[in-house]
Amino acid sequence: MEWKNFDLLKVYNKLDDLKDEVVLKEVMAGEEGAARVAKYQIPMSNGMTYSFAAKQVNDNVLAALQELADEAELTEKYKALYNGEMINTGEKRLVLHQLTRGQLGEDVVADGVNKREFYKAQQKKAEDFANKVHSGAIVNEDGEKFTTAVQIGIGGSDLGPRALYLSLENWAKANETLKMEAKFISNVDPDDASAILSQIDVAHSIFVLVSKSGTTLETLTNESFVKNAIEAAGLDPSKHMVAVTSETSPLAGNPDYMESFYMDDYIGGRYSSTSAVGGVILSLAFGPEVFNGILNGAAAEDELAKNTDVMKNPAMLDALIGVYERNFLGYSATAVLPYSQALSRFPAHLQQLDMESNGKSVNRYGEPVNYPTGPVIFGEPGTNGQHSFYQLLHQGSDIIPLQFVGFRNNQMENDVVIQDSTSQQKLNANVAAQIMAFACGKADEDRNKCFEGGRPSSIIVGDRLAPETLGALLAHFENKVMFQGFVWNLNSFDQEGVQLGKVLAKKVLARDTEGALTAYSELLGIY
């Protein structure tokens with residue numbers, strides 16, 4: 001198995017030669033377009049489908065992408081990852097987030113511990129704790145049940161779990177499995193914590209502090225903010241707080257917390273939603289069975305990612321088409337457009353997942369690369385986005401590929417017929433219309449009303465957003481990012497780019513500054 005820069009692969013020039021093969025507005029029009037939709041879609045797990053008919057690919061391009069997958073040894077590298085090779089070269093660590101939801105290959109033993117058994121033990125610990133809270137075996141000082149769970153964390157300790165909670169909140173209400181309301185505090189801005197504290201009854205709340213190191217400045221600041229509020233209410237913070245941390249952090253086994261749940265260095269924050277980072281808060285909110293549904297959905301998609309055939313591996317194909325667009329078609333951004341209000345924060349999670357993983361300009365060995373890497377990721381749910389940034393997507397000077405997500409049925413199973421169609425039908429009519437409008441455009445003598453078309457998109461379609469489909473979506477995008485990092489020869493599992501600002505912020509607070517940093521500190525009222 002070799003790790004080579006992308007532009008050193010034999011297939012690189014072949015892909016460059018194919019970049020003008022497909023004129024999207026031509027191949028998507030008329031009956032040819034209908035045939036493409038039928039042909040260019042592949043099954044995902046849990047009844048979902050990945051459709052890429054509106055991408056600038058044909059059989060020649062797909063054959064070259066298969067050559068790329070083979071030459072870059074993508075499935076071999078994935079196998080090495082889940083079998084416990086040291087893939088995170090920057091921090092010299094294993095990469096084991098897939099292991100939180102299933103055994104994909106060999107046993108992985110690290111630090112003298114079977115890691116699959118370790119993750120299962122932490123999940124069981126979270127399950128038992130949640131069940132005791134729900135049954136009333138664990139109660140507050142007055143012997144009353146807790147009704148709210150609040151996660152305190154930032155970055156991957158917030159974005160993924162928050163996105164997953166919001167994705168299933170309405171589903172859980174409809175299926176009578178919402179056990180506790182969940183809230184999230186992340187920003188060190190005091191207005192964030194103040195707003196959440198004003199919305200909850202502190203006496204009936206459990207706070208889940210998430211920090212792997214136990215030293216994250218923003219998280220510990222918010223913890224102190226919350227502890228002050230608990231004490232001001234005449235309560236004991238140690239009866240209201242649990243910690244999710246590493247076994248070596250100062251939070252581990254600390255009497256200031258009701259319980260400690262553990263993660264390790266082999267799961268990065270943005271990949272941690274299926275570990276205790278998401279498991280504790282989501283098990284409290286929905287019950288352990290729902291969290292297990294998320295894990296099962298993710299595990300099924302992880303299994304699909306083993307396929308060497310790109311036409312049977314939706315995450316890998318999605319990744320390769322994205323590489324083709326980034327490196328040969330010159331597209332520098334991707335819009336994630338879920339047509340489901342429940343996925344309102346999913347684009348924010350994917351923004352961190354993708355941009356923190358593949359926003360790199362050096363390869364796995366710290367050497368500069370000579371080709372574009374990760375794109376800019378942004379998005380909002382439809383149809384809201386249509387009345388916002390779609391103007392630029394349709395008629396702007398840059399072409400931005402689009403990643404739609406849609407479901408045939410809504411979560412709440414509550415809808416009405418208005419003007420001969422349901423709200424869900426209206427929502428999905430907009431998805432179909434947008435795909436075609438972006439692809440084919442519209443000619444008009446008035447240039448202001450002319451749509452050039454040729455704007456590529458893909459769509460993931462499911463029946464309904466539920467725990468298993470949500471887990472599959474999560475794993476699809478995690479694996480997509482992983483495969484793209486393999487192609488670009490990046491280390492997708494460290495994030496040095498977030499460190500410099502943290503270091504300088506500490507210098508500011510220590511009043512150890514000079515020059516413009518001092519001037520900005522004075523401008524912002526710190527000094």
Side-chain angles (χ1 to χ4, degrees), residues 91 122 126 129 148-162 182-200 202 205-233 235-265 267-270 272-273 275-281 284 352 356 494-513 521 524-527:
E91 297 169 316
Q122 295 309 307
F129 182 78
T148 304
V150 182
Q151 182 118 319
I152 306 172
I154 197 163
S157 300
D158 170 77
L159 287 165
R162 187 194 296 248
K183 299 287 187 179
F184 297 84
I185 297 173
S186 61
N187 200 327
V188 75
D189 181 345
D191 286 343
D192 189 15
S194 296
I196 297 301
L197 290 168
S198 71
Q199 297 168 21
I200 64 173
V202 172
S205 297
I206 289 178
F207 296 87
V208 182
L209 182 75
V210 184
S211 173
K212 185 189 296 183
S213 66
T215 61
T216 310
L217 177 63
E218 297 97 329
T219 301
L220 295 185
T221 300
N222 279 327
E223 179 196 25
S224 296
F225 202 103
V226 167
K227 280 184 173 178
N228 287 342
I230 295 172
E231 290 169 349
L235 303 168
D236 179 357
S238 70
K239 305 294 185 184
H240 289 262
M241 303 195 84
V242 301
V244 180
T245 190
S246 69
E247 292 178 293
T248 57
S249 96
L251 309 180
N254 191 313
D256 288 343
Y257 306 96
M258 299 163 64
E259 186 61 270
S260 297
F261 306 90
Y262 298 120
M263 51 177 155
D264 60 29
D265 286 336
I267 299 176
R270 57 196 176 278
S272 67
S273 293
S275 74
V277 172
V280 174
I281 188 72
L284 286 170
Q352 185 201 19
E356 198 168 84
D494 67 3
Q495 56 284 328
E496 291 300 326
V498 306
Q499 301 304 323
L500 178 58
K502 290 182 179 181
V503 171
L504 291 179
K506 288 180 179 179
K507 290 175 71 70
V508 170
L509 293 173
R511 296 180 178 268
D512 179 21
T513 62
S521 300
L524 286 160
I526 303 166
Y527 299 165

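No hydrogens, no waters, no symmetry mates; every other heavy atom, side chains included, goes into these values.
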Considering all heavy atoms of both residues, which atom of V277 and which atom of S157 are nearest to each other, and what is their separation? CG1-CA, 3.8 Å

Heavy atoms only: give me the nearest S272-I267 pair and the separation to one decimal. CA-CG2, 3.7 Å

Who are the salt bridge (Lys or Arg N to Asp or Glu O under 4.0 Å) partners of E247, not counting sequence neighbours? none

Can you check side-chain contact (heavy atoms from CB on, under 4.5 Å) on V188 and L217, steps first, answer last? CA-CA 9 Å; V188 75; L217 177 63; 5.9 Å; no

State, to 0.1 Å, how close G253 and Y262 come at their nearest heavy-atom pair, and which atoms those are. N-OH, 3.3 Å

With T219 via side chain to side chain donor-acceptor pair (under 3.5 Å) - residues at least two apart: none

Applying side chain to side chain contact (heavy atoms under 4.5 Å, CB included), name anything that partners A229, two or more places apart in sequence or on another chain. L197

Looking at every heavy atom in both R270 and D494, which two are closest together, and how far apart are they? NH2-O, 3.1 Å

Let me see the working for V226 and I152 under side-chain contact (heavy atoms from CB on, under 4.5 Å), right down to the final yes or no. CA-CA 9 Å; V226 167; I152 306 172; 3.8 Å; yes

Calculate, to the nearest 0.5 Å, the distance between atoms CD1 and CG belonging to I196 and N187 respectively. 11.5 Å

Contacts of S249 meeting side chain to side chain donor-acceptor pair (under 3.5 Å) (sequence neighbours excluded), chain-then-number -> T245

For D265, what residues pass the side chain to side chain donor-acceptor pair (under 3.5 Å) criterion, not counting sequence neighbours? none

Can you sort out the partners of S194 under side chain to side chain contact (heavy atoms under 4.5 Å, CB included), two or more places apart, ordered by chain and number? F225

Write out all pairs satisfying salt bridge (Lys or Arg N to Asp or Glu O under 4.0 Å) with one or both partners inside residues 207-226, taking only residues at least two apart or from two chains. E223-K227

Mind checking what makes ring pair (Phe, Tyr, Trp, His ring centres under 6.0 Å) contact with F129, not counting sequence neighbours? F261

May I ask you to test the V210-M263 pair for a side-chain heavy-atom distance under 4.5 Å? yes

Determine all donor-acceptor pairs shorter than 3.5 Å in which one atom belongs to a side chain in residues 497-509; sequence neighbours excluded.
from : atom 1 : to   : atom 2 : distance (Å)
K507 : NZ     : D512 : OD2    : 3.1

Search all heavy atoms of L251 against all heavy atoms of S260 and return the closest pair with its distance. O-OG, 3.5 Å

Is there a side-chain contact between F184 and P161 (heavy atoms, below 4.5 Å)? yes

Just wondering, do L235 and V202 contact through their side chains at under 4.5 Å, heavy atoms? yes

Contacts of T148 meeting side chain to side chain contact (heavy atoms under 4.5 Å, CB included) (sequence neighbours excluded), chain-then-number -> V150, E181, K183, I200, S205

Excluding sequence neighbours, so at least two apart, what forms side chain to side chain contact (heavy atoms under 4.5 Å, CB included) with S213? S211, T215, T216

Sequence-distant partners of D158, side chain to side chain donor-acceptor pair (under 3.5 Å), two or more places apart: R162

So which heavy atom on I154 is nearest to which on S186, and how close? CD1-O, 3.5 Å

